[in-house]
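To keep things clear, I will list the structure first and then write my remarks on it.
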Number of protein chains: 2
Amino acid sequence: MSAAPSAARPLPEATLRRLPLYLRALVEASGERLLMLSSEELAARAGVNAAQVRKDLSQLGSYGTRGVGYDTELLRQQINRQLGLNREHNVAVVGAGNLGQALGHYRGFSERGFNVVAAFDTDPAKFGGRLGSAVIYPLSDLARVVREKNITMALITTPAQVAQDIADRLVAAGVNSVLNFAPAVLNVAPHVSVRKVDLAVELQILGYYEHLRNDHTPAPTRAAAGS
Amino acid sequence: MSAAPSAARPLPEATLRRLPLYLRALVEASGERLLMLSSEELAARAGVNAAQVRKDLSQLGSYGTRGVGYDTELLRQQINRQLGLNREHNVAVVGAGNLGQALGHYRGFSERGFNVVAAFDTDPAKFGGRLGSAVIYPLSDLARVVREKNITMALITTPAQVAQDIADRLVAAGVNSVLNFAPAVLNVAPHVSVRKVDLAVELQILGYYEHLRNDHTPAPTRAAAGS
DNA sequence: CCATGTGAAAGCGTTCACAGCG
DNA sequence: CGCTGTGAACGCTTTCACATGG
């Protein structure tokens with residue numbers, strides 16, 4: 001089709017989920033001074049199928065050269081642009097418990113432009129403390145701080161019982177992207193994006209397959225996620 | 001009873017991924033003294049579609065009563081059994097950095113029978129320290145401790161460069177379920193299950209949608225940058 | 001009756017296979 | 001020629017709609 005850069009935008013979720021994989025592979029290849037990469041090589045580095053790589057990349061536009069491959073640098077830029085990774089995002093962590101603290105310190109976020117600029121908790125002992133470079137505020141300051149620091153995304157790492165209330169308050173304060181680590185179903189207005197991460201789910205799935213192996217030993221060739 | 005309860009086992013991944021959701025909803029309902037739940041009610045609590053609930057549950061067998069619903073307690077037991085959650089799993093955390101520490105302390109694991117019984121790191125300052133109830137060992141003790149403590153599952157929370165090596169050593173020591181938090185593609189023998197969790201991916205997806213919203217704003221101002 | 005359980009239909013995502021182009 | 005880009009086939013997941021049975 002035409003080469004309009006920002007034309008038919010809505011990328012399929014499945015593709016979206018793999019773009020970061022390609023990005024990592026491309027950065028790695030860049031570090032090895034590889035200027036061009038074939039879909040085959042890229043696939044190997046990302047741990048997926050070559051046809052899949054081509055399908056995914058074709059969704060962004062035609063950035064490959066037939067008979068040659070993809071320009072490492074160009075492709076990296078295009079994916080970055082599509083994912084909006086040029087932009088910096090100000091992120092809040094609500095719930096400064098174990099998980100909240102770990103996520104607040106997690107390098108993987110800041111490396112990709114997600115800056116944790118504030119944390120919130122209800123424990124007065126934590127107020128004024130720090131979570132990485134972010135100050136821990138009382139929950140009651142949420143609305144004010146969200147606005148002052150231009151926070152657009154939030155991680156919820158509170159107990160499940162309060163997660164919905166937190167979400168409501170975040171949305172009221174103007175946050176429209178929420179990543180929920182609490183084991184609770186959140187209902188929000190349609191203009192807000194919510195995603196859920198349940199760390200225990202993956203372990204449970206692994207447990208299931210182990211269970212299978214022990215009972216049956218049918219040796220299921222796992223086609224695990226990503227790998 | 002008569003027929004072997006564990007008959008046509010291999011549950012679809014998509015179903016497997018939702019069973020924990022139902023489990024949570026059922027426990028919650030149990031706490032409210034609800035003896036029976038319809039697929040409709042269960043669906044609402046789990047945040048999914050009612051038809052989906054019925055399809056999923058029918059995979060486990062016929063544990064519902066037509067015209068009535070599902071027996072909360074019975075269903076809970078059946079899901080637990082299917083997921084192998086009666087059994088306890090001994091889990092190792094490799095990499096006692098921020099993420100490793102948070103995961104080691106995470107309640108959600110131990111609550112569901114996943115006990116972190118050992119941690120490993122290369123930093124001598126951490127040796128002998130604790131991560132929750134688990135002792136932190138030098139990486140060189142990995143094989144010995146894995147065998148002594150009957151560890152069957154491991155979380156990899158190391159830097160990406162060493163993740164493959166760690167995986168190899170874990171597998172050699174007898175671990176056959178690995179949950180990888182490092183941003184690296186792991187290659188393992190076919191009898192080993194590997195799953196990957198990339199915490200930044202979810203944030204990136206949220207970022208993408210925010211990016212979309214900002215670009216698309218139906219504002220009359222024609223500021224959209226072409227090429 | 002009423003809610004489950006399930007064929008059938010619709011929708012997505014992945015893989016295949018090859019046309020098309022550098 | 002070699003590799004991309006893509007229509008078409010395939011397989012998995014979700015949704016629909018209703019027959020079935022307590």
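Here the structure is a predicted model, which means the values were calculated and not measured. First the proteins, then the strands, lettered A, B, ... as listed; each starts at 1. Only this structure's heavy atoms are used, side chains among them; waters, hydrogens and symmetry mates stay out.
When the P atom of C:dT4 is taken as reference, atom CG of B:Leu60 falls 14 Å away, rounded to whole Å. What separates CG of A:Asp71 from C1' of D:dC3 is a distance of 15 Å, to the nearest Å. Between the P atom of C:dT14 and the CD atom of A:Gln59 lies a distance of 10 Å, rounded to the nearest Å. When rounded to the nearest whole Å, the span between CE of B:Met36 and P of C:dC2 equals 16 Å. The interatomic distance linking A:Leu11 (CG) with C:dG13 (P) rounds to 11 Å, in whole Å. Between A:Glu40 atom CD and D:dG5 atom P the separation is 15 Å, expressed in whole Å. If you measure from atom CD of B:Glu41 to atom P of C:dA3, you get 9 Å, rounded to the nearest angstrom. Rounded to whole Å, the distance from CG on B:Leu16 to P on D:dT14 is 12 Å.
Counting only heavy atoms from C-beta outward, the side chains of A:Val48 and A:Arg18 approach each other to under 4.5 Å. Contact check for A:Val94 versus A:Leu155: no side-chain heavy atoms found under the 4.5 Å cut-off. A:Arg195 places a side-chain heavy atom less than 4.5 Å from the side chain of B:Tyr209.
Here the side chain of B:Ala14 is nearest to one of C:dT4, D:dT4, D:dT14, namely D:dT14.
Map B:Gly61 and A:Arg18 each onto its nearest nucleotide of DNA chain C; the residue landing nearer the 5' end is B:Gly61.
Distances shorter than 4.0 Å separate none of the side-chain N or O atoms of B:Ser38 from OP1 or OP2 on C:dA3. Residue A:Ser62 places at least one side-chain N or O under 4.0 Å from the OP1 or OP2 atom of D:dG5. The side chain of A:Tyr63 places no N or O atom within less than 4.0 Å of a non-bridging phosphate oxygen (OP1 or OP2) of D:dC3.
Proximity of a side-chain donor or acceptor of A:His89 to a complementary backbone N or O of B:Leu206 within less than 3.5 Å is not detected. In this structure, the side chain of A:Asn115 does not engage the main chain of A:Val117 through any donor-acceptor pair within 3.5 Å. For B:Gln204 (side chain) and A:Leu83 (main-chain N/O), no donor-acceptor pair under 3.5 Å exists by modelled atom type. B:Thr65 places no side-chain N or O within 3.5 Å of a backbone atom of B:Val68 that could act as its donor or acceptor partner.
Among the protein residues, B:Thr15 comes within range of no part of the nucleic acid, since none of its heavy atoms lies under 4.0 Å from any strand.
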In a table with atom names and distances, give each donor-acceptor pair under 3.5 Å that connects a side chain of residues 170-177 of chain B to protein atoms at least two apart or in another chain.
{"residue": "B:Ser177", "atom": "OG", "partner": "A:Glu210", "partner atom": "OE2", "Å": "2.7"}
{"residue": "B:Ser177", "atom": "OG", "partner": "A:Arg213", "partner atom": "NH2", "Å": "3.3"}

Could you pull out the protein-nucleic contacts involving nucleotides 19-22 of chain C (nitrogen or oxygen on both sides, under 3.5 Å)?
{"residue": "C:dG20", "atom": "N3", "partner": "A:Arg66", "partner atom": "NH1", "Å": "3.2"}

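Between A:Ser30 and A:Thr72, the shortest heavy-atom contact is OG-CG2, 3.8 Å.
At a non-hydrogen distance threshold of 4.0 Å, B:Arg54, B:Lys55, B:Ser58 from residues 47-58 of chain B come into contact with DNA chain C.
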